[in-house]
Amino acid sequence: MKKILFICLCALLFAMLGDCSLVWSAGFALYEWGARGSALGGAAIARADDPCALAFNPAGITRLEGVQASFGSSMISPKVTAVVSRGNTTTSTDTRDLLLFPSNVYFTCQCNDRSWFGLGLYSRFGLSTRFPANWAGRYGSYCADIESYSLNPDWAFKISDELSAAIGLEAMYFAIVSKNKIADPGFAGGEIDSRITADDLALGANLGLHYQPGDRLSLSLTCRSNVNQNLRGEVQYSPSSVPYPLDPTVKFFHNSNGSGKIRLPASISAGVAVSPIEQLSAEFSLIYTGWSSFDKLVIDLSTPPNPADPASSHQKIPKDWHNTWRYQLGLEYAVNDWLDLRAGSVFDESPIDEHHLDYMVPNNDLAMFSLGTGFHWIKWTMDIAYTSVLSRDRKGIVVVEGDPVDRSHAITFKNGYAHSLAISIGYTF
């Protein structure tokens with residue numbers, strides 16, 4: 001049975017590395033780190049009952065005995081409507097149907113009475129936004145994918161019977177794909193398709209504290225560092241090498257190599273869990289994310305799109321995002337030895353104000369409501385969660401420099417929602 005479980009974990013690991021789908025969220029931070037955590041609305045920072053604690057607060061793994069492992073995945077379907085006023089025309093466009101599958105794998109090992117080792121593989125950042133290629137905002141974006149994979153080894157130890165600490169290293173692979181249309185300078189009404197792909201592997205760090213003075217109360221704190229991604233990739237145009245109308249010997253839009261920089265935000269998470277009676281526990285937690293580090297997106301190209309303008313090879317796109325709070329509340333009730341019932345709610349602030357909207361992140365503050373259950377069979381556990389996500393409507397301006405009709409789009413994002421179904425399987429060796 002242990003060999004079968006090991007094979008399943010390896011299969012999921014390779015599946016994640018081959019094709020990790022992405023999640024629609026406030027900003028582009030992800031919290032789909034396990035079905036139990038999802039059912040509790042992410043309020044699993046002060047809890048330490050399964051290997052998913054590696055993502056929520058690694059210091060909590062000192063409460064796990066022996067060797068444990070878990071793996072899981074979510075199935076998510078997001079949707080939003082964009083109403084764009086461009087020139088004298090107003091159009092309403094829905095994002096394309098998507099079915100997304102963020103996944104995770106965790107392993108914890110008790111080394112002795114005072115020290116533990118854990119290894120997690122999960123996604124902390126991700127986004128997928130798809131509009132039809134001919135929609136009104138296509139000169140800004142019609143496809144945006146951000147994906148990340150964090151391999152996170154942690155070392156946790158007990159300072160005392162009540163207090164535990166953890167330190168970890170994060171190796172994060174980060175990739176971005178962005179597509180938009182460009183007006184053809186040599187053919188009225190013609191369009192060039194632009195595709196940017198870039199990725200990088202960078203390092204970060206995390207710290208955790210977990211304090212449990214008794215069976216009825218626990219407190220936790222987790223800190224994660226910034227991760228500086230120096231992206232390398234290429235820009236491809238279709239068709240490539242468009243003639244300049246005043247001089248046919250000059251060609252526009254040559255495919256080229258490119259680079260960019262993104263400073264991913266640091267975050268601080270804190271939670272308190274209480275158990276007023278033996279069967280019931282509740283947690284309230286907060287996550288503060290330093291999105292102000294994402295103040296601009298800088299792109300440098302080896303070949304300028306316009307050879308007559310060498311400065312066109314350097315693009316600086318202002319973002320000016322602001323820091324945000326995420327509020328989480330989760331309840332869990334143990335019906336009996338083999339069944340748990342869970343519920344959670346979340347309010348997740350958007351880091352984008354109405355003056356810096358863009359088509360890559362077409363949402364606003366999010367409200368989430370979740371339900372779930374957990375089953376226990378000797379050494380096995382199975383957790384299931386459903387989450388409904390609602391986005392507040394948002395009005396503002398999107399500036400699209402390359403739009404030949406109107407560079408300033410009046411935009412309304414409305415009817416934003418997502419449905420999520422998650423499952424996790426755990427085993428104690």
Side-chain angles (χ1 to χ4, degrees), residues 29-31 33-34 36-38 40-68 70 104 106-122 124 150-172 203-227 264-275 281-290 293 323-332 344 346:
L30 304 183
Y31 303 96
W33 298 333
R36 181 170 182 264
S38 294
L40 294 167
I45 296 169
R47 305 173 191 267
D49 302 320
D50 59 37
C52 296
L54 284 165
F56 293 97
N57 181 9
I61 67 173
T62 59
R63 307 294 167 175
L64 304 180
E65 296 181 353
V67 178
Q68 299 190 28
S70 73
N104 51 79
Y106 304 101
F107 171 83
T108 65
C109 176
Q110 181 179 3
C111 302
N112 53 50
D113 291 340
R114 289 291 174 182
S115 62
W116 279 254
F117 174 76
L119 182 65
L121 180 63
Y122 51 98
R124 290 210 301 121
S150 289
L151 184 63
N152 189 191
D154 282 279
W155 188 269
F157 51 93
K158 283 189 174 183
I159 299 175
S160 67
D161 289 342
E162 296 81 19
L163 180 63
S164 300
I167 184 170
L169 179 68
E170 180 178 16
M172 182 191 293
L203 296 179
N206 61 276
L207 299 170
L209 291 172
H210 184 270
Y211 180 64
Q212 187 171 343
D215 295 335
R216 299 299 176 87
L217 175 67
S218 59
L219 306 167
S220 283
L221 180 70
T222 306
C223 301
R224 293 188 177 275
S225 70
N226 293 102
V227 180
L264 298 174
S267 66
I268 299 175
S269 307
V272 54
V274 296
S275 181
S281 65
E283 177 180 319
F284 176 71
S285 54
L286 299 168
I287 301 177
Y288 181 75
T289 304
S293 65
N323 300 335
T324 61
W325 288 95
R326 177 181 167 101
Y327 306 90
Q328 307 174 145
L329 176 65
L331 301 173
E332 183 174 62
V346 177

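Treat the numbers as computed from the prediction; the structure is a model and nothing was measured.
- Residues Val272 and Leu217 have side chains in contact (heavy-atom distance under 4.5 Å, counting atoms from C-beta outward).
- Judged purely by atom type and a 3.5 angstrom limit, Trp155 has no side-chain atom pairing as donor or acceptor with the backbone of Trp116.
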(request) Would you please test Gln68 and Thr108 for side chain to side chain donor-acceptor pair (under 3.5 Å) and show each step? (result) CA-CA 5 Å; Gln68 299 190 28; Thr108 65; 5.1 Å; no
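- Looking only at distances, a side-chain donor or acceptor of Ser38 sits under 3.5 Å from a matching main-chain atom of Gly34.
- Ring pair Trp325/Tyr327 is parallel by interplanar angle, where below 30° counts as parallel and above 60° as perpendicular.
- In this structure a side-chain-to-backbone donor-acceptor pair under 3.5 Å is present from Gln110 to Gly66.
- Residue Phe157 holds its CZ atom at 9.0 Å from CG of Leu163, rounded to the nearest 0.5 Å.
- Note on Asp49 versus Arg36: salt bridge recorded, some NZ/NE/NH1/NH2 to OD/OE distance being below 4.0 Å.
- For Trp33 and Tyr31, the distance between ring centers is under 6.0 angstrom.
- Interatomic distance, Leu54 CG to Tyr122 OH, rounded to the nearest 0.5 Å: 7.0 Å.
- The minimum heavy-atom distance between Ile61 and Gly118, with the atom names listed, is CD1-N, 4.0 Å.
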Donor-acceptor list for residues 207-215 side chains, cut-off 3.5 Å, not counting sequence neighbours:
residue, atom, partner, partner atom, Å
His210, NE2, Ala46, O, 3.2
Gln212, NE2, Gly214, O, 3.4

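- Going from atom CG of Leu40 over to atom CG of Leu331 covers 8.0 Å, rounded to the nearest 0.5 Å.
- Contact record, Met172 with Ser150: CE-OG, 3.7 Å, taken as the closest heavy-atom pair.
- Using a 4.5 Å heavy-atom cutoff, the side chains of Leu221 and Ile268 are in contact.
- Between Val67 and Cys109, the closest heavy-atom pair is CG2-SG, 4.0 Å.
- For the pair Gly42 and Ser285, the tightest heavy-atom approach, listed with the atom from each and the gap, is O-OG, 4.2 Å.
- Arg114 has a carboxylate O that lies under 4.0 Å from a charged side-chain N of Asp161, or vice versa, which qualifies the two as a salt bridge.
- Atom CG of Asn323 sits about 8.5 Å away from atom OG1 of Thr289, to the nearest 0.5 Å.
- Among all heavy-atom pairs drawn from Ser269 and Ile287, the shortest one is OG-CG1, 3.6 Å.
- Looking at Asn152, its side chain does come within 3.5 Å of a backbone N or O of Leu169 through a donor-acceptor pair.
- Taken to the nearest 0.5 Å, the CD atom of Gln328 stands 8.0 Å off from the CG atom of Leu286.
- With a 6.0 Å radius and a threshold of 12 heavy atoms from other residues, nucleotides or ligands, Asn112 has its CG atom above the threshold.
- For Arg47 and Phe56, the positive end is not near the middle of the six-membered ring at less than 6.0 Å and at most 45° from its axis.
- Atom SG in Cys52 sits 5.0 Å away from atom OH in Tyr106 (nearest 0.5 Å).
- Distance alone, capped at 3.5 Å, places no donor-acceptor pair between the Asn206 side chain and the Cys223 backbone.
- Of the candidates Leu264, Asn226, Val227, Asn226 is the only one forming a side chain to side chain contact (heavy atoms under 4.5 Å, CB included) with Ser293.
- Residues Ser225 and Arg124 share a closest heavy-atom pair of O-NH2, 4.3 Å.
- Ser164 and Thr62 are linked by a side-chain donor-acceptor pair at a separation below 3.5 angstrom, with hydrogens and angles left out of the test.
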